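This report refers to the structure that appears directly beneath it.
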Amino acid sequence: MIFSEVVHWLFKCLKGGSAALSPRVHRGKMAGVLEKSYIEICGFERESVLRFRQITLNLGVGLHFGGVKYADSAGGFSYEDSGKLLSVTSNRFIHWSTSGDTVQFVEQSLDTNLLNNAVRLHIPNCLLLPGGVCIQETLNNIIILIVTSQSVHRLVLPHPTRMYRSDFVTELQMQSIFTDIGKLNLSEPAHSYVLPFAQAAPACAPSTSATWISHQGEAVFALASPSGGITAVTLPAHDQDGTVSIQELKQSSMMQRLAGWMPTAIRGDQSIPDLAISLAVHQLEDDTFIFTLCQDHKLRMWSFKHQMCLLVTDMLEYMPAGRGEVKASPALAHKLRLFFSSSTGLCLAIYLAVPKRSQFCVLQLVASENNRYSLDHISTLFTTQETLVDFVLTASDIWAVWLDNDDQTVVKYISFEHSTTGMWNQVFVQPSPEEEVHVGEDQDPREIYLDVLFSPLHFTASAIIKALQIYKRGTERYSDLSWEELKKEVTVTVENELQGSVTEYEFCQEDYRLLQVEFWSKFYACCLQYQDVLSTPLALHISPATAMVCVLRKGFVSFLLPCFAVDHLYLSSDEYLFSEEETPIAEDSNLSRDVLQLVQCLRMVSESLPEDMAYEMDKALEDLLSPEKVSEKVLEGLLASDNGNVIQDILNKLQDISNPTVAINTLLRELDLEADAETDTRPTGQSLRVRISLSQLYGSSVAASLICQAVCQTAMTRTLLCRDLLILQQLYLRNGDNVSRHTHIYLARVSVRAVCDIHLSVLELSDSSTPTSMLNPQTVVELFYQNVARKAIMSQILSQQDVEGSQAMLHWPQMISSVLTLLCQFLWPSNASFLFPECLMVNCQYAQLQEYVRLVGPWCQVNVGSYRFVLGHCYLASGEGQKALQCFQEAAAEVDKEEFLMKLTGSDEEAATSTAPRLLYYNKVLRLLEDIGLPELVINLATLAISEAANDERSQAALWTRIFKHHLDLGHNSQAYEALTQNPDSSRQLDCLRQLVVVLCERAQLRDLVQFSFVNLHDEVAGTVMFEYGMRLGREVRTLRGLQKQVNCYLAALNCLRLVHPDYAWIVQPSSGAAYERPGTSPKRNYDGEFAANPVSQQIDILELKDLEKEYALARSRLTLAQQDPSSAAIAGGASSQEMVALLVQTGLFDTALTLCQTFNLSLTPVFEGLTFKCIKLQYKGDQDQTEVWNWLAANQLPTVITTKESSATDEAWRLLAHYLEKYPLQNAQYHRCVINKLLSHGVPVPDWLLSSYKEIDAASLLRLYLNFDQLESAAELVLEYVDALLGKGHQYFGIERPLSATASLVWLPYTSIDQLLRNLSESQINEKNLKDKLVEYHRLVDQSSRNRLMAR
């Protein structure tokens, strides 16, 4: 797209809005004053072709050859509650179009995206009548009535309010009423009926129709036969049984009821002049009036209830002249429309299509006594247009759409009550794309044509796809292509066609450029042809609830928006412009005339400006040249080529302006959008239901595309106006007049115009942009509107309104004007709001944002720092770090002045008042640079920030820590040490020191480490170094010598920590496996030759004194093991505490193992089990070859030495075990139990000393062990001894202080175990008599003792 268009787009974005709904939008002036005219905005979505579900209804009827052909038609339906905010049908409507035997329906909403909303119904051989579709709304259903040449149809669909439980809908998308249409059996009698009288011949097919739903739910079809008369076909209510009835309304007022085929009598007494060419119906409480406009130019009113004609009026009586000539020829194009309201009653509008003298007659139906009716004439309105397509009658206006002699669309409207001049109000329709595209000599033809084809307001996706299919001469379908994919397909297709036509291998650049222009212009012409076809107007639709006006075209729907006064003046044709005497822009009549004269001069400048000069001016502004100099050069070119004395005519007209300065300032006031647009989107006290409804208002993709295209259209118009005004000012200055300059307004318009057409980069949307990906924005303005602006706009418009109490509030002209005004104010560069650039930055649209800042930065004096900050973001995204740093530094000066930067840094919060705003800003930027991975820039900016933190020691410490970290990461060891020493915080200083030592040790840069002075840090350094040295020895030098050095290192580290204050007695230890890439080393590769992945940053652990003591104990145990068994040094070097216990036990170093267990709080059970097993082995192997045994026994210290006799190794081992059991007692004798369990599991008798010891501690557990290993005799003997002990015999051997007696403490027996023993003895046939006798004796004494104790009480 050439820059002129970019400028125009930008300009469009800037202006538009109504003061009525949002008085806070302006700043004490009439900003965005509305005129009576409207402007058309195409509502087509450019993403892809709308997908229609195909439904075919085959009725089995044949095609009438040579029959009548019906023109394509269209229509629309708006829900009754579409104007209510708190409704599921708000801003919701249905439109349809017919072509041949096919009708297609589309349901759309401006608030919510509708799913499954498009359906195409094909009824073979049944041609749709013009106006043969009617949609009516009931409480529970939407009923669609369809009339074809051979059939009538009724489709009953659910009402949207019945598809959801309530109006309180929060979904971002909703199901359309057409979702389940495929489930209907449309061939059933309840839905379809074949007309019997239309089967005989084509002449029997109806020419026009009108339909309605009666109060009883019946579907009535009033059909006009080509032979005259009206036939009414009535289908019973869809939920009731019944038969179809056919009735005939004849001029004789007689009625015939037919139940099937209609006899030829229906065509016998009706003359062709009575043929109805237009039908309309109106329902009363107990009757329905059918109005027919016939070929004899007469209007007839029929009563359906009484089946009689109540009124006949000759419409030629309302013609002022030429009645005889008109009456001689039958009426063929007359049209009839009705409108009813409680205030106006029933009004009729009749269009009399008379060559050169067409007119509209507005009549009002008046009822008198005795059911007599008459028509009162309200107004007659004349028009010079010839081919009327459609018109609509409203309470006060007539809207009409025509095709002129060049087949261009013309839309106008007029008030039939208050129009004194008979002048129709203008509607500025969307012009067709230019027939030729201007390609500059320095431009790429492909890029220029692609910009035009794929820019807003030009071509629909359908037109481009159709042209693509024809151009490729194939049958490929492209309905599923996205906008970008379609653009690529077009590029490839045209380029392939070009390459295929080339027969020479070498071309000069100019020849190839001309060849490109030829092929691209060929494809462009094809697109233009199909766009013209799709743009053919078919009908108008006006929503009664919202006053929204739509033009239904063949391929899309366009919307009419109120035109602002300044746009109205610039766009008006000469006929209207010269006839106006005042403008709402100025209240003073003299000033109004001056403004009108000024605009006429601007129009003359525009018309005299050649296309090449306009292009050169746009190109110069794109290069940021001075607008004054550029406009001066353009004016010189105009003067040099002024063959028709146009400039002199302009000068003469300027003489009629009494006060040009005031007139220009008045116009500039309308063009300048500088205002304090409020961005507060907090709840305003409305209920949750209201807030949710507001959050959905104008939120659909249709609304977003429509609003943003309206902004683009407005910006385009006003940029051109600014351009012409700038040239006109140069003309004033050339003649010595001093007038106002408006360069900044022009540049702002250029900037806004440019962003309107900037397309998005590919968005990487997270779950939070859900609504955005669903809406699929195409331009940055659409992205901004959907993600940010819409919420702020809706909150601002409705913040001061009683939404709860105002149900009919969604008035389209006011609402859309306010939305456009606020959106343009948010886009205006000179406003304080920074939402638009912020939105681009957040959504990663860096190239688009950089272009926007390029256009705005040189002249805009608002948000200067904010623009520099976002530009820095753009430079970071493009890898230009130094430029980004420069921008960030420049933005720092504005941190405490601009809202965006204050919000960015959090300095607007009360909690942040203790820190200077500029320091908060630096911290934000530093984090950003760190996240991107630019340590050099972090160091530079942090060094600069330190000068700002002269009185903030806390901030200084954080900044020095950052500098230290990144110097260390970069391998700048000296600079890192220097930063460490400069840190004013001793705690942070020590942290940095520990990190420095760790990293240098890991990098093996010990030379650098020992060269630093470490003033006042020796103890900390020594402890850390020695510990790190010991760690590396343990990992890398797993030998006896290495283990000895490791133990010494840990001892040295312990000594260092014991010397420092307890609060600082800790060091930092990287977790096992941490590694640092050494500076200067080559990159590592894996076995496949690929570069290995960078090591993952490891967790940092803090080691206190007690942790080092544990590490020392573990290292000492490793050394002891290696000294006892040198071959185990490699294994022991990396063993954990648990693993070391197992290794020590296996080697026989039980003392060391016990010490290690106590240090690490481990269980001693493995040690006792290991020693017991060694005792068992010695017990059975004897004393032969026991040198190794004596070695490990010698490594364990016994308290005493036996000198009375010679002791064997086996005896010493048992004695060592007994010593450990005595030295490490537990309350439950767990270690005794594990030793005995080990012995019994190997079938080894338990030594007497162990039995005696365990019986005294826990005889019951010993009994259970005997039972577990089936030692029944030993168990029986134990029970006998235990009972004897309780009875007083040997009680001291079982730990019983006093035996059983009346005065002794209570005693007990393990009865469960004893019962188990008795059962096992009986099963093993071992004599248990002694045991039972002993228990009997025990029970007798227990009984006696218990009685004595009770008696003693």
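Computed over heavy atoms, backbone and side chain alike; hydrogens, waters and symmetry mates excluded. As the structure is a prediction and not an experimental result, all values here were calculated from the model. The first residue of the sequence shown is numbered 1, and numbering continues consecutively from there.
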When you compare the side chains of D111 and S700, does any donor N or O come within less than 3.5 Å of an acceptor on the partner?
no
Do we see a donor-acceptor contact under 3.5 Å between the side chains of E890 and Q886?
yes
For L959 and A949, the nearest pair of non-hydrogen atoms, with its separation, is CD1-CB, 4.4 Å
Using the six-membered ring wherever Trp is involved, compare the ring planes of F900 and F834 and label them parallel, tilted or perpendicular (cut-offs 30° and 60°).
tilted
Taking all atoms of both residues into account, what is the closest heavy-atom pair of L823 and I707, and its distance?
CD2-CG2, 3.7 Å
Quick one: do E782 and R790 make a salt bridge, cutoff under 4.0 Å?
no
Do S705 and Q709 have a side chain donor and acceptor closer than 3.5 Å?
yes
Between R868 and E894, does at least one N-O distance fall below 4.0 Å, as a salt bridge requires?
no
Hey, is the main chain of S878 close enough, under 3.5 Å, to the side chain of E880 for a donor-acceptor pair?
no
Short question: side chain of E898, backbone of S866 - any donor-acceptor pair under 3.5 Å?
yes
Any chance you could lay out the salt bridge (charged side-chain N to carboxylate O under 4.0 Å, His left out) test for E851 and R854, step after step, and finish with the verdict?
CA-CA 5 Å; E851 174 63 14; R854 185 186 75 86; 3.0 Å; yes
Only one of K965, H972, H967 passes side chain to side chain donor-acceptor pair (under 3.5 Å) with D969, and that residue is K965
